[in-house]
Every structure is written in structure tokens, then in C-alpha cells.
Protein chains: 2
Amino acid sequence: MLSKKTQYAFHALIHLAENVDKGPILISEIAQEKNISIKFLENILLELKNAGILGSKKGKGGGYYLMRPPKEIALAKIIRLLDGPIALLPCVSLNYYERCENCRDEATCGLNEVMGKVRDSTLKILENKSLKDILTR
Amino acid sequence: MLSKKTQYAFHALIHLAENVDKGPILISEIAQEKNISIKFLENILLELKNAGILGSKKGKGGGYYLMRPPKEIALAKIIRLLDGPIALLPCVSLNYYERCENCRDEATCGLNEVMGKVRDSTLKILENKSLKDILTR
DNA sequence: ATAAATCCTATAAAAAAGATAGACTAATTT
DNA sequence: AAATTAGTCTATCTTTTTTATAGGATTTAT
């Protein structure tokens with residue numbers, strides 16, 4: 001399961017995407033609208049900003065905004081940033097690979113093979129679906 | 001990511017499946033073979049037993065064994081038993097559903113829709129692949 | 001009886017997740 | 001220039017989950 005952090009990030013990004021025309025959006029507005037602890041959300045938005053996904057403006061009229069059009073922000077990127085690996089096992093992770101310590105040889109391990117397929121089918125969706133694809137219909 | 005518990009369970013089940021002809025297998029043998037803490041593994045095997053996946057025999061000549069042929073044990077079942085939900089969000093989980101508290105309406109939530117697709121593609125593999133499919137090639 | 005093995009429950013230690021606090025910086029308004 | 005607004009940064013705290021261990025109870029074979 002995705003952590004609350006990642007779930008909140010998605011909902012916040014959705015709100016930002018649905019209000020791109022309104023300039024910078026307040027943290028407090030997102031928190032209220034999406035029912036998220038404001039202080040926790042603060043940290044999340046900051047992390048998204050430091051990763052280049054969001055921009056911000058201080059002072060009156062300030063807030064957060066998307067740095068790119070929603071269509072260009074892949075869901076996989078958000079998950080990896082806040083939650084880490086998408087794969088079910090370290091030994092099949094593309095971005096956070098770790099050797100398996102319980103099997104003799106990954107090349108002949110059937111678990112490795114199947115979990116690799118799960119990873120592929122998941123990534124096929126998450127790499128190709130963007131923020132634009134998860135907006136309210 | 002799958003928890004260590006679930007990862008260990010898979011490796012233990014693989015060992016049991018690869019030695020079905022040898023009668024009951026000792027916890028200690030599995031632990032040594034797969035490099036798993038024996039006491040931790042004990043708990044895991046017990047849980048698999050209580051779920052009806054494994055059988056056991058006490059005393060000399062005892063140990064654990066599979067209750068069904070490897071082909072009939074779906075990977076999804078093991079994961080759900082030890083790790084809980086397979087879905088990435090509670091609101092798209094078939095077995096552990098919980099209402100989303102951050103969106104207005106799941107029926108129009110785009111995140112819900114996409115994550116439902118991820119769940120489907122993952123389950124298509126994990127429900128149809130069995131213990132037999134993850135044995136060493 | 002004895003030894004071998006699982007059964008069971010409790011607890012502890014470590015790590016991760018979730019949440020909060022408060023002082024600081026920057027931009028805007030008056 | 002002062003006051004206000006809003007994000008920045010870092011630290012800490014609490015709770016939950018994960019991982020692991022301990023030890024006595026029970027069952028079975030010899």
C-alpha cells in the first residue's frame with residue numbers, strides 16, 4: 001500500500017492541477033479541501049518542491065503551483081519520490097535494487113521472475129499515466 | 001514492497017515444494033537453507049499452518065509439509081495472509097476495502113480509477129501464478 | 001522415560017510512519 | 001519602515017508496524 005504521505009501528495013497535486021488557472025494555492029486551502037493535517041501537508045509540499053515538481057511563492061498572494069503541465073507529471077515519479085520502490089521485492093526494483101539474501105541465484109529464482117512481471121505490468125500503467133489522468137472526471 | 005515475513009514465507013514454501021517427496025521438513029533445515037532466523041520462521045510457518053496452507057507433525061521425524069500440490073497455492077493468497085492488501089490504496093482493495101477520506105466521491109475520483117487498474121493487472125498475475133510457478137528453474 | 005520437534009504466547013527492540021512545534025526567511029501591503 | 005502573510009527548515013515526538021527473540025507447553029517416536 002502507498003503511505004499516507006504519498007496518498008496526500010496525490011490529492012494535493014490533483015487539487016493544484018484542477019486550479020492551475022488560479023495562480024498559487026495556499027497550503028491551508030489544500031489541507032482543508034482534502035482533509036489533511038496542515039503541518040504534515042506542509043512537509044510533503046516542500047518535498048515536492050525540492051524535487052522540482054512544485055514551485056512556490058511566499059507572502060500575500062503566495063502558495064504552491066505546478067512547475068509543469070499535469071500531463072507531464074508521471075504517477076511513478078511521485079510514488080518513487082515519497083515512498084521509494086514500486087516493485088514488490090528489492091531484487092526486482094529498477095531504482096532501489098538490492099541483492100536477494102534468501103535465494104541462491106536470482107537468474108534461476110522463479111520468485112524473482114514472477115515479481116519482475118508484476119513490476120513491469122505496474123510500471124506500464126504508472127509510468128504512462130500522469131497527473132492529468134487522475135483528475136476528477 | 002512485501003514485508004520480510006512474506007518474503008521469507010515464499011522462500012520457505014519454495015523449499016517445501018522442492019522437497020515434497022521427502023516427507024515433513026524441519027524448520028531448522030529451511031532456516032539454514034534459506035538464511036532466515038529460525039525463531040522468526042517458526043512464527044511464519046505456524047501462521048501458514050493455521051491458514052490451512054501447511055500441515056505439520058510433531059516429534060521425531062516431524063516437520064512441515066504442504067497441504068496441497070504447489071500448483072493449487074496462488075501467490076496472492078500468501079501475500080494477503082501475511083501482508084494484507086495487495087492494492088496500492090484502501091479504496092481499491094477487494095479484500096481490505098476502506099473508504100477514501102480525501103476525495104469527495106470515489107465514483108468520479110481519477111486516482112481511484114487508475115489504482116483500480118494497477119490492482120487488476122497485479123492480481124491477474126498473482127491470482128494465476130502459483131507456488132509451482134516460482135520454483136527454481 | 002527421553003528426546004525431538006512443533007505450539008503458543010509474550011515481549012522486546014528497531015524502524016518507519018504519521019504528526020506537530022516553533023523559529024526563520026521572504027514577499028507584500030500599508 | 002513596520003506589520004502581515006505565507007512558505008522554509010529542522011527538530012522532535014508519538015504511534016504503529018515490523019522484525020526478532022525467549023521460553024515453557026505439548027505432542028510423538030523410540
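Order of the sequence lines sets the chain letters (A, B, ...), proteins ahead of strands, with each chain counted from 1.
- Picking from dG23(D), dG7(D), dG22(C) the nucleotide with the shortest atom distance to the side chain of E42(A) gives dG22(C).
- For E47(A) against dC9(D), a side-chain-to-base donor-acceptor contact under 3.5 Å is absent.
- Checking side-chain atoms of Y96(B) against main-chain N and O of R80(B) turns up a donor-acceptor pair under 3.5 Å.
- With L123(A) as the partner, the side-chain contact (heavy atoms from CB on, under 4.5 Å) test is satisfied by one option alone out of V118(A), I86(A), N128(A): I86(A).
- I27(B) comes within 4.0 angstrom of the backbone, heavy atoms only, and of no base.
- Taking 3.5 Å as the limit, the base of dG7(D) and the side chain of K60(A) contain no donor-acceptor pair of atoms between them.
- Checked against dA11(D), dT27(D), dA6(D), the side chain of K58(B) finds its nearest nucleotide in dT27(D).
- Side-chain N/O atoms of K39(A) and base N/O atoms of dG18(C) include no donor-acceptor pair closer than 3.5 Å.
- Of the possible donor and acceptor atoms, none in the side chain of R119(A) sits under 3.5 Å from a partner among the backbone N and O of L89(A).
- Taking side-chain N and O atoms only, K5(A) has no distance below 4.0 Å to OP1 or OP2 of dA16(C).
- In the set dT6(C), dT21(D), dG18(C), dT21(D) carries the atom at the smallest distance from any side-chain atom of F40(B).
- Residue S37(A) has its side chain nearest to dA19(C) when only dA19(C), dC8(C), dT21(D) are considered.
- When atom types are taken as modelled, the side chain of D83(A) and the backbone of I79(A) share no donor-acceptor pair closer than 3.5 angstrom.
- Closest to the K4(B) side chain, of the nucleotides dT6(C), dA27(C), dT19(D), is dT19(D).
- Under 4.0 angstrom from either OP1 or OP2 of dA19(C) there lies at least one side-chain N or O belonging to Y8(A).
- With the nearest nucleotide of DNA chain D identified for both D83(B) and N43(B), D83(B) has the one nearer the 5' end.
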